Structures are given as structure tokens and as C-alpha cells.
Amino acid sequence: MKAANFAYHAPTTRQELFALLAELDDARMIAGGQSLVPMMNFRLAAPENLVDLNTVGGLDGIEVAGDRLVIGAMTRQRAAERSATVARVCPLLVETLGRVGVQQIRNRGTVGGSIAHFDPTAELPVAAVALDAEVVLESLRGARRMPVADFGSDYLTTEIEPDEVLTAVEVPLWPEGHGAAFDEVTRRGDSYAIVSVAALVLLDAAGRVARLSVAIGGLTHAPARLAVDAMVGAAPEGEALAALAETARALPADGDGLMAAEDKQHLAATLTERVVRRAGERARRSTGG
Amino acid sequence: MADTIEISLTVNGQPRTGVAEPRRNLADFLRHTLGLTGTHVGCEHGVCGACTVLVDGASVRSCLMLAVQARGRSVETVEGLAADGAPLHPLQAALSEHHGLQCGYCTPGVLMTLLELQRELSGRPVDEAEVRHALAGNLCRCTGYQGMVDAALAVLNAPAGGATPETR
Amino acid sequence: MTLAERPAGVGISVPRLEDDALVRGKGRFLDDITLPGLLHAAFLRSPEAHGHIRSIDVAEAEALPGVHRVLRYEDLRPLLTMDRIPVAMPSGALKFDVDPFVLARDEVCHVGEPIALILAESRHVAEDAAELIMVDIDPLPAVVDPRDGLAPDAPQARLDCPDNLVARTSAAYGDIDAAFADAPVRFAERFHLHKGGGNSIEPRGVVARWDPMEERLTVWNSTQMPHRAKRLLVTTLGLTERQVRVVPPDVGGGFGPKFVFHPEELAIAAAAKLTGLPVKWAEDRYESFIATVQERDQFWSMEVAADADGRLRGLRGTLVHDHGAYTPYGVALPYNSATNLLGPYVLPAYALDISLCLTNKVPTTPTRGAGRPQGTFIMERILDLIAERLGLARDEVRRRNLIAAERLPFRTGLKTRDGGEMTYDSGDYAECQRRALAAADWNGFPERRAAARREGRFLGIGLANYVEGTGRGPFESASVTIGPSGEVVVTTGACGQGQGTVTMLAQLTGAALGIAPAKVRVIAGDTDASPLGLGAFASRQAVTAGSAVHLAAGKVRDKILAVASDWLEVAAEDLELIDGRVSLRGAPEVGRSIADIAAALSGSPGFSLPKGAEPGLSAAADFQPDAITYCNGTHVAEAEVDPFTGVVRLTRYVVVHDCGRLINPRMVDGQIIGGVVHGIGSALYEWMRYDATGQPLTCTYSDYLLATADVVPRVEVHHMESPTPLNPLGVKGAGESGTIAAPAVVASAVEDALRPLGVAIRDLPMTPDRLVRLARQARAAA
Ligand SMILES: Cc1cc2nc3c(=O)[nH]c(=O)nc-3n(C[C@H](O)[C@H](O)[C@H](O)COP(=O)(O)OP(=O)(O)OC[C@H]3O[C@@H](n4cnc5c(N)ncnc54)[C@H](O)[C@@H]3O)c2cc1C
Ligand code: FES
Ligand code: FES
């Protein structure tokens, strides 16, 4: 299990990075390496050129810009998980990141890498979709933005072009007082999710749903958004919530060797009910209702 | 054959230099280029935790980091916990005392994980669930974990000025 | 033997001598070994589950810079005395021995079978070269499911075997027809059991060096069985015993697979001999998933006959065992399952028909527990089923069936696999269960369950009893030698992979000789130091090597006392051994150092030895157990199961264990807790899966899940000590026993938690996927 040879490139500026990607054939970027290096050790990936994002200045960092949280792609998952800023403005990300692998992986794995890799069982893309997050894709040709919800095109494949770098993830902020929750079913502890659900909710003064967003991961190649309009105006519990869970059950799902599609849909329904309820309780608590 | 690269870094406080292909991971570099075989390799895909070392104080899988990526950084390995002939670090002593190791293959990784935890807690008491959670990334096939959990609890919750050591 | 007559050195948790080096990172494991000029090896392995090799072209690979040689079967065959490696264990039941080749000759029979061996300046380059080897393989149909493999129209798993039924055997006694005739309770059940691989965190590995001057081969081998490895190397390489030395370095866990001699062990040794250069092969994790023996699948179909009060009358049925592509371990694995099924219970009649099917997968051989967890699972599930049918409590059904203490020694009616009568030697099974139930507050459980239900949580409790045959022979050897320097050296064929074997033997020796264990040097498993030996298997080393060392150290002690008694002119009974001296009890100044006695016994030219003494302060002993000694225990576990997600959380785990006398209680606890957690892994997580063409699907630790610290409960261990009369220490084995009841007790608890849904647990492992499906099916049926 030793990686095949490659030429190693360590650009230090964005311009150098973009130029390398434009010019090199068969180049792969390495961020945290926590998904890529295992594949290289198994020789499932054997790029001729490895371009290290770790040496490029300014690709990490967490800041609030207006009504958006901007997380640099190279921000370590652990750094985002522990960031006071993230905790304050986007608790959903903290909870979600806490479920990504183990701390030794998050110490090195990056926020951008997790989204770029787009593993169908990964947690972060699910939260990102629930948050309506966008990725910023940059190259010599310029920059473009794309909703994470549109980013995945097939299993482990995204809309990114070979010369593009995912430089940041931008998260529109929910108002103070919103509630959020994330949960997943795993085969053991904090290993990859079979199905995971992220939800954000804002309640009105009467404790009814003013705004709700739910994303579900693990059913197909990309997280699915749940249609939630029917919940607006209802309390996030009881029959309305049960009906929402049924909507989750009706989402398309791919079965696999371990679990039938209908059982994944069952998990989606179960988790949706639990996660939305929990998000609602948190919203109620934070608004003091 | 790909070009080799000169890699200078600090290991356990000492400056070290070695030459390696860029594909050589930090675990192999420590073990076979620098001869520090205390760091073990059990899976080479990031799950077993036997290769866990600290890089700039953070626990990482040395099998998933390229040696070139450690240029200029500070790496800590199990060999740095206690000098040859010197008394054991309290975590090492406690692992033995609580029978937290059997074959010892996972032990170096376990120690580095616990060292990071100890520093992060910096004296805050810790419960069993938190210790178990912290150890979730270190596979051990021998002990059933209980001895290492007990060892960690004993050291991490020792009264200040008691058995809790100054971490180095 | 009574507990009062506890032999010296027994019952003390001496700190482990192994630990200091290990916690400092100064252990010396296989891959830590370097030698000048060392070549690094990688294997090209079969990508096909079954196929015929048409050609292997190594030219391009050999031309790669840094590659020393690429070897195929025909390159190594001239060094060997025979075509195949004679690894088969004697077994009358096997219709044919299917021994492996050093490298595949013309047929590959599982994914991962070694085809070519690359020697290069680094492992990286060796793997580069492997990609350049052109192998042309004609795929052949593969046998994946053993039940299909036994069908009349099944493809052949091996073209060199006429059919796939490599063995058919049985375990039977009593009048089974009578037991079933007019039995008030009769039912049938099927079970599909999986048990995973050994998964020592250190994979296998070999370093071999041929010394052309001495014509001698030295092999460092991460093995449980150095002496057996040596014997096979001597035989296959046509060398003499003097020419081969096998040494286990520090071994990072064994758990069964390192018992088995794999083709790589010969290939690396042969390559070193052929090239004259030292060669290292350190197995990587992918190789260990595809090329290291595993335990895998069993399909049981059972019929039960019982009395109206829940007493067993008879069990009969069939067991189909997935045997894999070779037969390195005879029928021992399924036979252990069959015999261990009996447990501590009275079973008047038994008839199990066992079929071993060749499949196109890695061979199956024992991993920790060695087939016993499966047998125990079947029996314990059956007892739970009887309880449910009759409306009896699960503990009561067991109580009615347990063998009463006064009936021990108890002949079960079966034969052990070495042909002896399977006889339980000592124990009190009912008392063991009683203590376990008390420790786990079994009677208080209904309240805990009700409280949990009020919070919407589903709790269940389970129990399981088991026995384990330990301390298998034929023998283990040891010697104890004290030289004029005073150093005490113990040599033995036994060897450790983490169990604390060195500490255990030093402890026994030190106690006999009045020397601190830390001052005893134990050389375990080096074939140069101990000409004879077996090694680590069947939870045997405390029993066999412990007894051998105890006997040898006792003889040395007698020698010391005899000489000292003569020198000091006092009776031997009045002497004591303390801190390396033998002296008059109560008058320590009257005495001599043991080193002096060793010096005297080592002789001076022309001077006579002390009166009546044999030369040398040394003694050897072999311990040959007359029979297997049976340890036993009861496990009780509580589980919280989420009926909607299938996630199981174990909330309590109690073990009461009886392995006779405890030599080092803390190390015994460590063995049991480690075993329990391994067993929890088998129950809930570990699953080596293959697709329909025989391609393995779970070759990473993200797919093949081992139990981690965060998902296992604290295990509470209590001991009973029923010394066995079968060895001088009164000890029984403990290395595997923790694994044996874990799947059964977890199943019992999970089923109990899901009782409101009517979910029945018949299969292992109990993954969330399976439990969610079972819950769905139960809902549909309701
Ligand atoms: C033991 C273990 C357990 C894990 N458990 C989980 C888990 O439970 N949940 C989970 O979600 N993940 C898990 N992971 C994966 C981990 O979160 C990875 O960190 C993540 O998937 C990828 O991030 P990275 O920074 O490590 O990226 P890398 O591994 O460096 O890269 C992954 C891929 O993304 C590309 N890429 C990376 N960054 C960029 C960028 N900025 N722009 C364009 N392309 C880029 C790379 O070229 C590569 O193809 C686990 C990993 C391990 C080893
Ligand atoms: S060897 Fe690095 S995690 Fe297993
Ligand atoms: S002590 Fe052997 S793997 Fe942990």
C-alpha cells in the first residue's frame, strides 16, 4: 500500500496555483489528504502531478462578511468546529463537524476538501445544502459561485473543472434565534453516515415554523433537499412533523448491498422527525419561548 | 524514479533532516528514513491510529501526511515522551499500571492521542465518555480499551500538583 | 487440589515486564528490523477469485530500476523438495488435503493468492513493479456461497479437487430418534453466523536471511508458531534442523491467523536463500484482508426436542461451513463449533452433520474463540427460544439444564478432536450463573426496563453460559538455567503476542527460586534456544508452558537446596530462597548465593562437583496435559436498541469467569475484557463480505469495522476459581474465553429489547442494516 510516484508541486500563491492547474496534465490537488492519500496508498488514485494546497497562502480562515459566513477552503475541519465565530453564527456546522470522522482526521482534513470530495455519506455537504451554502470556484479564468445543492453531478463527481480550485465555502447566515440540528445513523460510533439529516428552523412568536430547511444525505449521490412548505405555519411536532417525515420517506433512494432503498427511506423519515423536532426545541429555547 | 527532496523538520525538539521521494509518507519517513520505529503502521489508510503523531501539537495520521508536508514543522512521536533511561511520562506509566497495553502495537498512537487530550484539557477534569470518544480513533485488538481508559482517567483527573505532569 | 494449596507465584498481579520497552516505543516488531543490503518484497496477487493462469510476463517489471528480481513458481520450485507446502493438520475427516503452493502454479483459487514475488530496493518500487507484471488469467466460475457450492450442479472451486465437499463429518451421541419421538416441545430454526478475521493491528511479516558461510537460514517471523514454521521450512527447503532458526520478534497481536503457516513465509525464506540477500516482507492491511486466513460463514439448520419443563432432550441438524480454498487447519474450526455447542448443559442426545465446502475465498481457520462462539450462540439462542415458547424465564430454563456441580467430572458423550473423551474437569456452573445474575442485578432489570420505556427507550437484557476447552497438548517445553553470573534464563517454545507470556513465566520461575520476576530472562519461541516447542493456540500457554516452567523451576530449586543443604550441613526443609540466596530460615547470614551454587555446578577443571550433584544448575521439563481442561463462565449484558435506526448501545456487561487458578489476575482480566470486546465486534460490527463473483468488498477499516473505545461498555469481571486437577498449577486457559459468549449474550439482549416488535435474532452480525430490515419485516408481519 505505497503510493505511486508523482511530481510534487508546492505553489505559494493563488496565481501560481491557478497557473499550475491550467498547465499540468493529470494534476490532483491535495488538501488535508484524508480522503486522497488513502486512495493513493491503495493506488486507486495515481495522479502524475500532486499540487499541494497547504503551501498556498490565504486559503484558510473564517470570517463573517455581511450576512455570510465565509470559510476558506483550507480551514481545517477541527478549526472550524472549534471556532467561536462559527459557534456563534452557525451552530449547525459545529454539530455537523463534530460527527466527521475522529479528531485526528479533522485536525488535518479541510472544509473545502470534504465538499470537493463530495462523498455521498459525508456529513458536511448535507449541512451545506441545508444552509444553502455556495462554493467559490476559482481559476485563471476567473471566479464563479455555485450552490452546494447543485455541485454534485454523480457519485464522487462534482461540477468542478480540472483547472478550478474550490477556494471558499460561503454560508448565508440564519437570524439569531434559529434552531439547528444534525443527526446521522452510522454502522459504528462516528464512522461514515448511512443516512444523515441537517435541519434549521426559525419559529414565529407563537412557536410556529416561519422558515425551515432540511437536507438529507446518504440516499443518492448528493444530499436531497426536503420540500418543507407544508410545515410553514405549523408547530415543528405532532402530525405536521409526521407528515414531513413521510415526505422524507418518499424521496428517491438507491439501495446497496447492505441496505435496501426502502430502509434508507425509513431512516430518512425517522431522522427527519427527530432532527426537526430537536431543531425546533432549540429554536424555542433560544428565543426563550 | 521521481526526484528526492531534502526534508528538514523538528522531531521531538531535535532538528532532523532526511532525503525522500515526495510519495514517502511521514510514518515511513520517521520509521525508515530517521529510524524512529516507535511510530507504528497498521492500516495505511487512516483508521487504525497506530501511526498517530503530533504535528505542531495536533494529532494526525502520519500515514496520511506526506513527509514533504512536514518540512519546517515540529513533529512529536512516542520516543519524545521519555528520554532513554529517564522515568516514564505519567501517561506511559499509567498505561502499564492499568494494563492498558498488551502487544503494545497500538500503544504509541494511543499515547500521542492522550497527550493531545491532556494538553487540550489543561487540567479540566474529564469523564469516561469523553476519554472513550477521544480514543475512538485508535484501534486496539488486545485490550478491549478498558485499561487505557482507566489509565487516562487516572492521569487526567489526578489532583493538580499530584501525578499530573507538566506536559513537555 | 484445594485453593489453600496455591503454588508459589500464583495469584499475584506482577507488573508486566514487557511494558517498559513497549510504552517507550522501543519494542522491536518485524518491520522495525533492518539488515544491510535488505531487499523489500511485495507480492503480485490474484485479482480473480478463480482462474487459470495462462502466462506471467515479468520482463518489464524486472527492467524497472531498483528491482532486483521477480520470482514466479517455477523460479522457486527448484529450491523446494515438493510442489506444495505440507501445512495440513492430521485429520481423518478431510477427503483430500489441499495444500497451497509457494506461489500459484497454474490455478488461482481466491482473490489475493500470491502469484509472483517482487524483490526491490524499497517496498514502493516493488509495488511499482507489481503493476508492470503482465498476467493473463482465464477466469473460471467461482464458488462463493458454500450452500451453493454443495449443490449437484455447482462449479468446482478447485480443478484439482473432484468436488467441493472437502469433508463431511459429524458430532453425535445418544439416541437422537428416541429424543425426538413424542417430545412435547419440537421446533426448527436456521442461523447464519459470521465471524471475522483476526485483525491483529500489526499485520503478518517475515524477514529472512541466508548465511552462505554457515549455510544457515534465519527467519524473523511475526508468528504464533515459530517451531512449526521451522519444521515446515526444514521440510520444504530440504535443510536440516541445525540450518534453520525461526525467531518471533515482538509480535503485535496474533488472534489465530498467525498460527497458520502461509505461503509468504516460505516464499520469503526461499527468496533469501536463492538471492543470498536478506529479504523483508511486511504485510500491508489490504493484503491482510485478502490473503490472511479468516473465520467467516457458517449456516446452521437445527431441530430442537425438549420436555414440557424446558429440559433439553436432543438437538439435531446440519452445519455447512465455508472452508475457503485450502485446508491448512483440517476440520478443527467447525468441529469446535459443534462440540462447544454443548456448553455447560445436559444434552441427552445430539446429532450434527457437518459439511465443509471449498470456496474461492481465503481459507478459514480459527480466530480468537476458534469456532466456539458460533456453537455457544446456537445453544444459547435455542435456550432462549425454549424459554419463549414455554413462557419461562431465560435464567430458569438454563438453571434446569445446567450440569450440576456434583456431576463433575462430566463426560459429555462427544470426543475431542484429538480423540479423547470430552470431559468437563471442574467447575460449578449453576453457582457461576447465580453470581453473574446477582452482579448484574438481573432481578432488578424489569424496573430499569420500565423506566427506560417511559422515556421511549428500549432496553433488553441477556445472558449466556459457556465452557471452553483449553490447554491443548500435545506438550510444551521449557528449561530453566542459572549460570555462574546468577542470571536466570528461561527458554520455552511458547511465545507471546501480547498476552504477557514472558511476565507469566518469569513470575512462576521467580517465585520458585526466590528471585524477582524482573531478574528472570525469558526467551520465548526462539527455535535456537528451545529445540522443541509448539506455541500459542487454544488458550494453552499458561496451562502448558506455565506448567512446564513450574516443573523445571521446581527441579532447579531442588538442586539448589540439595547442594546448599550439603554445604551448610542443614536439612533442605530448613532452607529458604530469597533474593538470589539460599539461607537458613531465620538466619539469613547462614547461606550462599545461588550464583555460587551455579558456579560450583558448572565445574572447574579437575575438581569434583558437589556431592551427588548433576552438572549444571539447569533443568528442563516438558508438560504433556493428559486431557483438555474446561474453563467456563456466564456473561450478562444489557443493551439499548433504537428500534427505528437499528443502533445498539451496550449499557452494561458482566462476566463471571472460572479459569481455575489465576496466575496473574490483572493479566487474566485483560485477556477476558479484550476477548469480550472482540466478541462484541463479532456480534455487532465485523463482517467480511464478498460479491457474487468472489471479490472481497470490505478491505478497509472503514468498511470492515472493529469495535472502538466509544462503542463498547465497561466490562465488569468477577472470578471463581475451580482449580483443575489436570496440571500442577490448577490453571485453565483464558486467552479466548471472553469472545465465546459475547455474540450470544448480545443477541439475547438485543432480541429482548426488541421483543415488543417481535424481532427474532438468528444471524450475525447484528448491524443496523439488518436490524432495520428485521424491524420492517416484523412490522409487516404484525
Ligand atoms: C479514518 C477516516 C475517517 C473519516 N471519516 C469521515 C466521516 O465520518 N465523514 C466524512 O465526511 N469524512 C470522513 N473522512 C474524510 C475526511 O473528512 C476528509 O478530510 C475529507 O473527505 C476530504 O478533505 P481533505 O481536506 O482531507 O481532502 P483531500 O483528501 O486532500 O482531497 C479530497 C479530494 O478533494 C479534492 N480537493 C480537496 N480540496 C480541494 C479544493 N480546495 N479544491 C478542489 N479540489 C479539492 C482533492 O483533489 C481530492 O480529490 C474520514 C477520513 C478518514 C481517513
Ligand atoms: S497506519 Fe495510519 S491510521 Fe493506520
Ligand atoms: S495492545 Fe495490542 S493492539 Fe492494542
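The figures that follow rest on heavy atoms only: side chains count, while hydrogens, waters and symmetry mates do not. In what follows, chains are A, B, ... by sequence order, proteins preceding strands, each numbered from 1. All of these numbers come straight from a predicted model, not from anything done at the bench.
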**Prompt:** Relative to chain A, which of C/V711, C/L684, C/L697, C/V772 shows the most heavy atom pairs under 4.5 Å?
**Reply:** C/V772
**Asked** Heavy-atom distance under 4.5 Å to chain A: side chain of C/V647, backbone, both or neither?
**Response** side chain
**Asked** Checking heavy atoms, do the side chain of A/L258, its backbone, both or neither come under 4.5 Å from chain C?
**Response** both
Quick one: donor-acceptor pairs under 3.5 angstrom, chain A versus chain C?
unit_1	atom_1	unit_2	atom_2	d
A/M1	N	C/E127	OE1	3.1
A/M1	N	C/E127	OE2	2.5
A/M1	N	C/D284	OD2	2.5
A/K2	N	C/E127	OE1	2.8
A/K2	N	C/E127	OE2	3.3
A/R43	NH1	C/D128	OD1	2.9
A/R43	NH1	C/E131	OE1	3.2
A/R43	NH2	C/H124	O	3.4
A/R43	NH2	C/D128	OD1	2.7
A/R187	NE	C/D769	OD1	2.8
A/R187	NE	C/D769	OD2	3.3
A/R187	NH2	C/D769	OD2	2.7
A/R188	NH1	C/L706	O	2.8
A/E262	OE2	C/R776	NH1	3.3
A/D263	OD1	C/R776	NE	2.6
A/D263	OD1	C/R776	NH2	3.4
A/D263	OD2	C/R776	NH2	2.9
A/H266	NE2	C/F644	O	2.7
A/R274	NH1	C/D642	OD2	2.6
A/R274	NH2	C/D642	OD1	3.0
A/R274	NH2	C/D642	OD2	3.0

